[in-house]
Amino acid sequence: MSGNCLNFEEPIKDAITRVRFAPESNNLLISSWDSSIRLVDVESSELRLEVQTEAAVLDCCFQNESVAFSAGSDGSVFRYDLHSGAYDIVGKHEDSATCIEYSPETGKVITAGWDGNVVAWDSRSAKASHAFVGSNSHVESISLCGFELLAAIGSSVRKYDLRKLNGTIQAEDLSMNKWIRCLSSMAFQKGFAVGSLDGHVTLQSHSVEKGYTFRCVPKSTKGKYHLVAVNDIAFSPSLPGVFVTGDNEGHVIAWDGSNRKRLLELTRYPNSVASLSYNHTGELLAVSSTYTYQEAYEMENQPQIFIQELGESNLKSAAVGGSARRYGQLGSIDSSWLPSFCLITVDCIFCLMLMVKDFHLLKGFCCEGCARLGFLKFSLSNAITMSDEEHQFESKADAGASKTFPQQAGTIRKNGYIVIKNRPCKVVEVSTSKTGKHGHAKCNFVGIDIFNGKKLEDIVPSSHNCDVPHVTRTDYQLLDITEDGFVSLLTDSGDTKDDLKLPTDEALLKQIKDGFAEGKDLIVSVQCAMGEEQICGLKDIGPK
């Protein structure tokens with residue numbers, strides 16, 4: 001079930017960054033690293049429009065059937081007339097603009113970039129509303145649900161109200177305990193799903209108490225987990241709770257999130273799955289099979305886009321047929337004799353027992369209740385159940401945060417973090433060297449220990465995983481300084497934290513002591529990584 005591949009007279013020359021179906025048609029918008037925006041009519045496989053810009057296009061979205069937007073590696077945000085091909089600039093980030101969405105509720109284009117800004121551009125005027133994420137903070141993914149904006153930053157999801165984006169209210173941070181690669185809002189209710197670099201998906205919604213986390217890839221036959229980044233998540237617009245995931249090894253898997261069930265897996269694609277998009281009816285799924293920018297040295301296959309029929313009827317037939325046999329929850333099933341309208345249910349316990357024990361007995365035989373209906377009733381929701389052993393379900397509230405997480409070396413950038421010689425470091429310099437035509441590129445990292453300031457270096461193949469520390473910053477109000485150099489801090493819960501010493505940095509130490517002696521209200525920022533904590537910043541909020 002790999003679907004039909006879209007063919008272009010002129011092939012896409014570089015990695016595809018995003019595919020998006022139009023809001024009311026089967027037109028598909030495609031952005032890529034070859035600095036192009038393309039509009040394709042999927043039904044006729046006709047290229048309707050191709051526009052070349054000056055920089056790589058890192059994301060795109062529709063406003064309506066006639067207007068689209070893009071975010072570029074040079075920070076530019078463009079608006080396109082999809083009939084004429086004309087385009088103009090909406091605004092510009094100071095660094096690469098990596099994510100873009102359109103909000104029909106507010107008429108604003110929402111972008112995020114490596115400059116640490118989330119910006120809402122008014123598409124009808126030159127006005128813009130800003131929210132500062134923080135220096136050296138990269139927004140990995142954004143998603144909209146009504147007036148709520150979700151932004152994935154490191155291992156947390158930050159919520160903003162688009163009506164108050166300038167920061168008049170405090171944004172809400174939700175820790176996912178996993179380094180996030182992608183983020184997607186649910187289609188039918190408030191909630192979202194995030195995909196992580198280590199192959200986990202976390203769902204959080206009002207209907208799922210506390211949320212839960214599972215691994216997309218189960219244990220191998222050797223009993224070990226294989227870490228594969230989840231690059232994109234797309235919720236079905238027609239089936240509540242159903243979503244698909246695409247990962248770095250070319251796997252696309254459909255899930256029933258409401259019932260914690262794995263529905264089916266499509267045939268593996270030739271490259272990483274970088275982007276997924278459902279059409280407006282939920283019948284078609286666009287899959288971009290393409291190397292990502294960190295894999296450009298490693299892979300030779302051309303970027304491709306596949307259109308997969310993945311509506312309700314396709315999911316049902318796939319679950320009754322090949323997928324059920326593949327994942328083995330019902331044993332080996334010969335389903336070729338079933339009528340096309342059959343669904344799998346457990347309304348009838350007797351039928352379920354026969355399916356598990358001796359399915360072939362059902363041919364021409366059923367219980368009295370099913371006989372009165374005239375056909376077997378089956379339900380997709382019980383076709384394939386994700387077992388706890390395979391997918392390690394855990395309540396989000398109970399999932400412990402590890403000190404580090406794995407990340408591919410080729411994706412780590414300057415001002416990011418890395419573990420060198422078992423120390424948490426901030427990357428101050430990174431360069432990539434190529435060893436030969438078929439060799440692995442190697443990344444040369446220079447890092448500064450975030451606690452003691454020492455310079456450390458390491459060399460890692462770009463395709464290998466590195467340990468990256470979970471680094472958090474928390475603000476506390478300074479209450480007191482003891483004679484032996486310890487501080488007393490006020491936490492959000494009203495308790496005191498008394499286990500930290502004053503910082504060793506002389507300039508920061510002097511600022512804290514002078515401000516405290518002058519009776520000012522001081523807020524200190526505490527940085528935490530790999531079990532260590534240290535005061536790293538100071539805010540003066542005025543006299544007491």
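One-based numbering along the sequence shown.
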Hey, are [X] and [Y] close enough for a salt bridge, meaning a charged N less than 4.0 Å from a carboxylate O?
X: K497; Y: D499; answer: yes
X: E457; Y: K421; answer: no
X: E518; Y: K513; answer: no
X: D449; Y: K454; answer: no
X: E265; Y: R268; answer: no
X: R18; Y: D232; answer: yes
X: E101; Y: R20; answer: yes
X: K92; Y: D115; answer: no

Test your reading of the model: is there a side-chain donor-acceptor pair from [X] to the backbone of [Y], 3.5 Å cut-off?
X: T432; Y: K442; answer: no
X: S96; Y: S73; answer: yes
X: T496; Y: L489; answer: no
X: T106; Y: F147; answer: no
X: Q302; Y: T290; answer: no
X: S525; Y: C536; answer: no
X: D161; Y: R163; answer: yes
X: D247; Y: V230; answer: no
X: Q534; Y: F451; answer: yes
X: T213; Y: T202; answer: no

Report the C-alpha distance between V90 and F78 in whole Å, list the side-chain angles of each, state the deciding distance to 0.1 Å, and finish with yes or no for side-chain contact (heavy atoms from CB on, under 4.5 Å). CA-CA 5 Å; V90 175; F78 287 116; over 6 Å; no

As an exercise, state the distance from [atom1] of [X] to [atom2] of [Y], rounded to the nearest 0.5 Å.
X: L183; Y: I233; atom1: CG; atom2: CD1; answer: 8.0 Å
X: D505; Y: Q511; atom1: CG; atom2: CD; answer: 8.5 Å
X: I481; Y: I512; atom1: CD1; atom2: CD1; answer: 7.0 Å
X: I100; Y: W121; atom1: CD1; atom2: CH2; answer: 10.0 Å
X: I89; Y: R79; atom1: CD1; atom2: CZ; answer: 10.5 Å
X: C99; Y: E140; atom1: SG; atom2: CD; answer: 7.0 Å

Checking side-chain contact (heavy atoms from CB on, under 4.5 Å) for the pair V157/I180: CA distance, chi angles, key distance, verdict? CA-CA 9 Å; V157 173; I180 300 170; 3.8 Å; yes

Would [X] and [Y] count as having a side-chain donor-acceptor pair, cut-off 3.5 Å?
X: S70; Y: S31; value: no
X: D198; Y: H200; value: yes
X: W255; Y: T245; value: yes

Can we call the ring centroids of F405 and H470 under 6.0 Å apart?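 Yes, the ring centres sit under 6.0 Å apart.
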
Pair R473, E533 - check salt bridge (Lys or Arg N to Asp or Glu O under 4.0 Å), show working. CA-CA 9 Å; R473 290 172 67 106; E533 290 182 303; over 6 Å; no

When you look at Q52 and S36, which way does the side chain to side chain donor-acceptor pair (under 3.5 Å) test go after all the steps? CA-CA 5 Å; Q52 193 81 18; S36 293; 2.6 Å; yes

Parallel, tilted or perpendicular for Y102 and F69, by the 30°/60° rule?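 Geometry flag for F69 against Y102: parallel rings.
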
